[in-house]
Amino acid sequence: AGAALTAEHVATHLIGGAGDDGFRAVSGTGHTFEGGLGDAIFNISALSTPGQIVSGDYAGLHGGAGFDTLAVHDHLDLTALSAGTVSGIDHIALDEGKSLTLTSDLLDSILDNGSDTLEISGGGAGSTLSLSLSGGDVLIDTGAQAQGHDGTMYNVYNVERDDSSTIQLLIHNVTGV
């Protein structure tokens, strides 16, 4: 069993332990969450701008050794956050009707855990992903499906990078890819 960790003041720094920890912020800004050995869930919501998670709401969201999820409860544009704010994440889960914006250049830092696979799932109608490709990167819909960490079937996309590496995106219940 893990802990439920809550940030309630400005610039709270929370570190997970050996269990499956849940993180959330209810007030303040500039929080840092670090996953531990277990599977962490970072529940993130807008703290300073209604409906939109913006730079400054979180100073860092860093997964640990387990399978770590960024549970997004408001719109999130990762391109607007400071470099290195999000790392070590294996899964991004969007609430119904929420959007995620990112670039293929950000995928390496988001994963930053030795993995080359990122799961992105939507909570229902209206969950959208906007992925901008960088440089010579190419997005390929493989037409295949693969089982995700929780047993859900995902559509498989490959981001073939201009450096000859490949990052696999597993997408479920999200439009706009």
Side-chain angles (χ1 to χ4, degrees), residues 1-5 16-24 33-45 53 58 61-79 81 85-134 137-177:
L5 305 168
D20 297 342
D21 301 314
F23 296 78
R24 71 184 181 108
F33 298 160
E34 292 184 44
L37 297 175
D39 298 345
I41 297 178
F42 302 110
N43 291 287
I44 63 169
S45 298
I53 299 164
Y58 299 90
L61 301 162
H62 308 294
F67 186 86
D68 300 312
T69 298
L70 191 63
V72 180
H73 303 296
D74 286 301
H75 300 289
L76 175 60
D77 180 352
L78 285 172
T79 66
L81 302 183
T85 300
V86 178
S87 67
I89 299 299
D90 303 288
H91 177 217
I92 299 175
L94 301 171
D95 275 2
E96 182 174 354
K98 303 307 176 198
S99 63
L100 172 66
T101 302
L102 59 91
T103 65
S104 57
D105 278 347
L106 290 172
L107 292 172
D108 291 324
S109 63
I110 292 169
L111 289 166
D112 189 31
N113 56 9
S115 175
D116 61 357
T117 301
L118 177 64
E119 295 179 16
I120 301 174
S121 61
S127 298
T128 60
L129 168 64
S130 174
L131 173 66
S132 297
L133 298 172
S134 306
D137 295 352
V138 177
L139 179 68
I140 298 173
D141 180 350
T142 68
Q145 287 200 320
Q147 188 171 12
H149 183 74
D150 66 354
T152 300
M153 294 306 292
Y154 287 78
N155 295 320
V156 179
Y157 295 83
N158 287 336
V159 178
E160 294 189 358
R161 308 294 308 276
D162 61 2
D163 66 2
S164 300
S165 65
T166 299
I167 293 177
Q168 190 173 68
L169 297 178
L170 301 182
I171 309 292
H172 174 74
N173 209 20
V174 176
T175 61
V177 181

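Nothing fancy with the numbering, it's 1 onward along the sequence. Bear in mind that the values here come from a model prediction, so they are computed numbers and not experimental data.
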Evaluate the side-chain proximity of [Y] to [X]: yes if any heavy-atom separation is below 4.5 Å, no if none is.
X: Leu70; Y: Asp68; value: no
X: Ser134; Y: Ser104; value: yes
X: Leu107; Y: Val159; value: yes
X: Tyr154; Y: Thr152; value: yes
X: Phe23; Y: Ile44; value: no
X: Val86; Y: Leu78; value: yes
X: Ile92; Y: Thr69; value: no

Using only atom types and a distance under 3.5 Å, with no angle test, would you say the side chain of [X] pairs donor to acceptor with the backbone of [Y]?
X: Asp21; Y: Gly17; value: yes
X: Asp137; Y: Leu133; value: no
X: His75; Y: Ser99; value: yes
X: Asp74; Y: Ser45; value: no
X: Asn43; Y: Ala71; value: no
X: Thr79; Y: Leu102; value: no

Spacing of [X] atom [atom1] and [Y] atom [atom2] [to the nearest 0.5 Å]:
X: Asn158; Y: Thr117; atom1: CG; atom2: OG1; result: 8.5 Å
X: Ile41; Y: Asp20; atom1: CD1; atom2: CG; result: 8.0 Å
X: Arg24; Y: Phe42; atom1: CZ; atom2: CZ; result: 15.5 Å
X: Leu100; Y: Ser130; atom1: CG; atom2: OG; result: 8.5 Å

Partner set under side chain to side chain donor-acceptor pair (under 3.5 Å) for Thr101, not counting sequence neighbours: none

Worked verdict on Ile53 versus Val72 for side chain to side chain contact (heavy atoms under 4.5 Å, CB included): CA-CA 9 Å; Ile53 299 164; Val72 180; 4.1 Å; yes

Steps toward salt bridge (charged side-chain N to carboxylate O under 4.0 Å, His left out) verdict (Asp105, Arg161): CA-CA 9 Å; Asp105 278 347; Arg161 308 294 308 276; 3.1 Å; yes

Aromatic ring pairing Phe67/His149, orientation class (parallel under 30°, perpendicular over 60°, tilted between): parallel

Verdict with reasoning, Ile140 to Glu160, per side chain to side chain contact (heavy atoms under 4.5 Å, CB included): CA-CA 8 Å; Ile140 298 173; Glu160 294 189 358; 3.3 Å; yes

Return a table of donor-acceptor pairs under 3.5 angstrom between the side chains of residues 167-177 and protein atoms on other chains or two or more places apart.
residue: His172; atom: ND1; partner: Met153; partner atom: O; Å: 3.2
residue: Asn173; atom: ND2; partner: Gly122; partner atom: O; Å: 3.4
residue: Thr175; atom: OG1; partner: Ser127; partner atom: O; Å: 3.4

Verdict with supporting geometry, Leu131 and Leu139, side chain to side chain contact (heavy atoms under 4.5 Å, CB included): CA-CA 9 Å; Leu131 173 66; Leu139 179 68; 4.2 Å; yes

Tell me the closest heavy-atom pair linking [X] and [Y], and the distance in Å.
X: Gly88; Y: Asp112; value: N-CB, 4.0 Å
X: Ala40; Y: Gly35; value: CB-CA, 4.1 Å
X: Glu96; Y: Ala125; value: CG-O, 3.1 Å
X: Ser115; Y: Asp90; value: CB-OD1, 4.5 Å

Step-by-step side chain to side chain contact (heavy atoms under 4.5 Å, CB included) determination, Leu118 to Ile120: CA-CA 7 Å; Leu118 177 64; Ile120 301 174; 4.1 Å; yes

